[in-house]
Amino acid sequence: MTIRGAAYIVGAFEHPTRFAPDKSHAQLHAEVAAGAIADAGLSKADIDGYFCSGDAPGGLQSLLNYLNLEVRHVDSTDIGGVSPIVQVAHAAEAIALGKCNVALITLAGRPKADDVRTGTTPRIRHAAAPDVQWEYPYAIPTAVSYALAAQRHMYEFGTTSEQLAWIKVAASHHAQHNPNAVLRDVVTVEDVVNSPMVADPLHRLDCCVISDGGGAVIVARPEIARKLNRPLVRVLGAGETTKHQAGGKIDLTYTGAARTGPIAFAEAGVAVSDIKYVSLYDSFTITVLLQLEDLGFCAKGKGGAFVADGNLISGVGRLPFNTDGGGLCNNHPANRGGITKIIEAVRQLRGEAHPAVQVANCDLALVHGTGGQLATRHGSGTLILERE
Amino acid sequence: MQPTGRAVPAPHPDAESQPFWDAAAQGRFLIKRCTSCGEAHWFPRTLCPFCWSDKTEWIEGSGTGTIYSWTVMHRAKPPYAVAYVELAEGPRMLTNIVECDLDRLHIGQQVELVFTPTSGEDTPPVPMFRPIGG
Ligand SMILES: [Zn+2]
């Protein structure tokens, strides 16, 4: 059994706001849900499956209550910001098994309005968790966790800050065309490496933005997708995992993508070289570099050379990525960016990306996310999508 | 004045970790080793994370190791260092590096244990590390 071809992404919507002090958190979920169902050309009554994750205020039950949805399938899988990416696969599984026909996945938040600086301020959450009790006395904000991985990668493979900076440079080239992006100025390698150090070796411009907003997607069974007046975006394959400290044998040079990539490519029946566009989680520049290596776009340790010289810039390089500007420049709602990764891949496959960044004949895209804390425990999800 | 320059929150002992923190309060650094498979692990668990045997024992750690990776959190005032230290017994442990020159930290640097007081009342100290020889 496989999810290959079992479901289609028929609706996608990204909230245009990046600062929402005048909106409630639940309201943002409702607005993106309504946006996605309208984009699909379906109605609220068609939704019979609902998926949300750790950003949902009050969790699944409160949001179903608030949205007034009556569904027959629910999923609140939470492995960090990647969650919506693995939930697309879970929705396809549920559809394949006949558990639902039209699945709604939402993500939304207002960390900007709430002044939540999760990247640089340690927050003690789940102090009694079996592993967290051994971490929080040491004050590990998110940026520190990713910096530890970047530092080790530089030591083992000679990766440089200038190479990491190219990832931000590429994102900024794309963001200049996105009127909703938080950061729209094109930056240079020098701008990045000269920005203030946050946590060695990550500079301020190696970090993603903090923004409010959110997004939603609708996943539906093939018979429904074919009746809608939208380009067909088919789910081809997926992989999911978590990576952790392994009893003390942790290796910071790779991510869970090393496991999820091969699983997703095998299910999709396509090769790395077939992929025309990638949406990669970009909480930090190092996140992108590690994922590229682990997914097989280049050899382990060669990510620095791969991303340099504009190789990720649409129309310039070999592998266009995050053409909306990504989390690095455009949007990282709820301090979780998984949903925006799916949405830009759908835009690319439909041919609805900004003309300046639209990839020609974009018929195969890969979406990958890394959620949580890279250096302690993180979730990973890969999704391969095809325009039919 | 804390050696870290910041208040260190007290640990959160539970039934499983209490022996570790009781020993820490006496200045002893314990780690767990499995007598079935022979592997030491971190953080301490009752069941060995490698073979799930319950034949694990507390042993006195040497308190020495080398830095596997490090960073300095510059946005904090004052900045502080976080590292994975590879203990002499094998496991890699997330910790802080204290009593050090933040500009001279490097991977492979040899470090030794230093217990650092925590901010609670009668709460145990937490294990941190400092460069050997300053
Ligand atoms: Zn064992």
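Letters A, B, ... mirror the listed sequences (proteins, then strands); counts begin at 1.
- Of residues 282-306 of chain A, not one residue has a non-hydrogen atom less than 4.5 Å from any non-hydrogen atom of chain B.
- At a 4.5 Å heavy-atom cutoff, B:A76 makes no contact with chain A through either its backbone or its side chain.
- A distance of 8.0 Å separates CH2 in B:W21 from CD in A:Q133, rounded to the nearest 0.5 Å.
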Any chance you could lay out the side-chain contact (heavy atoms from CB on, under 4.5 Å) test for B:M73 and A:D200, step after step, and finish with the verdict? CA-CA 7 Å; B:M73 185 59 202; A:D200 301 88; over 6 Å; no
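- Annotation: ring-ring contact (aromatic ring centres under 6.0 Å, His included) contacts of A:Y155 (sequence neighbours excluded): none.
- Shown here are the ring-ring contact (aromatic ring centres under 6.0 Å, His included) partners of A:H153, two or more places apart in sequence or in another chain: A:F157.
- Among pairs with a residue in residues 43-54 of chain B, none fulfils salt bridge (charged side-chain N to carboxylate O under 4.0 Å, His left out), at least two apart in sequence or across chains.
- Closest of all the heavy-atom pairs between A:P141 and B:Y80 is CD-OH, 3.5 Å.
- To the nearest 0.5 angstrom, B:I97 atom CD1 is 10.0 Å from A:Y138 atom OH.
- At least one donor-acceptor pair under 3.5 Å links the side chain of B:R92 to the backbone N or O of A:I250.
- Annotation for B:S69 and A:R152: closest pair OG-N, 3.5 Å, computed over non-hydrogen atoms.
- Here the CG atom belonging to A:L148 is positioned 10.0 Å from the OH atom belonging to B:Y68, to the nearest 0.5 angstrom.
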Carefully, step by step, assess A:D131 and B:F43 under the rule side-chain contact (heavy atoms from CB on, under 4.5 Å). CA-CA 7 Å; A:D131 48 355; B:F43 46 92; 3.5 Å; yes
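- In summary, the side chains of B:Y84 and A:Q151 do not present any donor paired with an acceptor at a separation below 3.5 Å, with no hydrogens or angles considered.
- Side-chain atoms of B:R75 never come within 3.5 Å of backbone atoms of A:A199 as a donor-acceptor pair (strictly under, hydrogens ignored).
- Heavy-atom contacts from other residues, nucleotides or ligands closer than 6.0 Å to CG of A:D185 number 12 or fewer.
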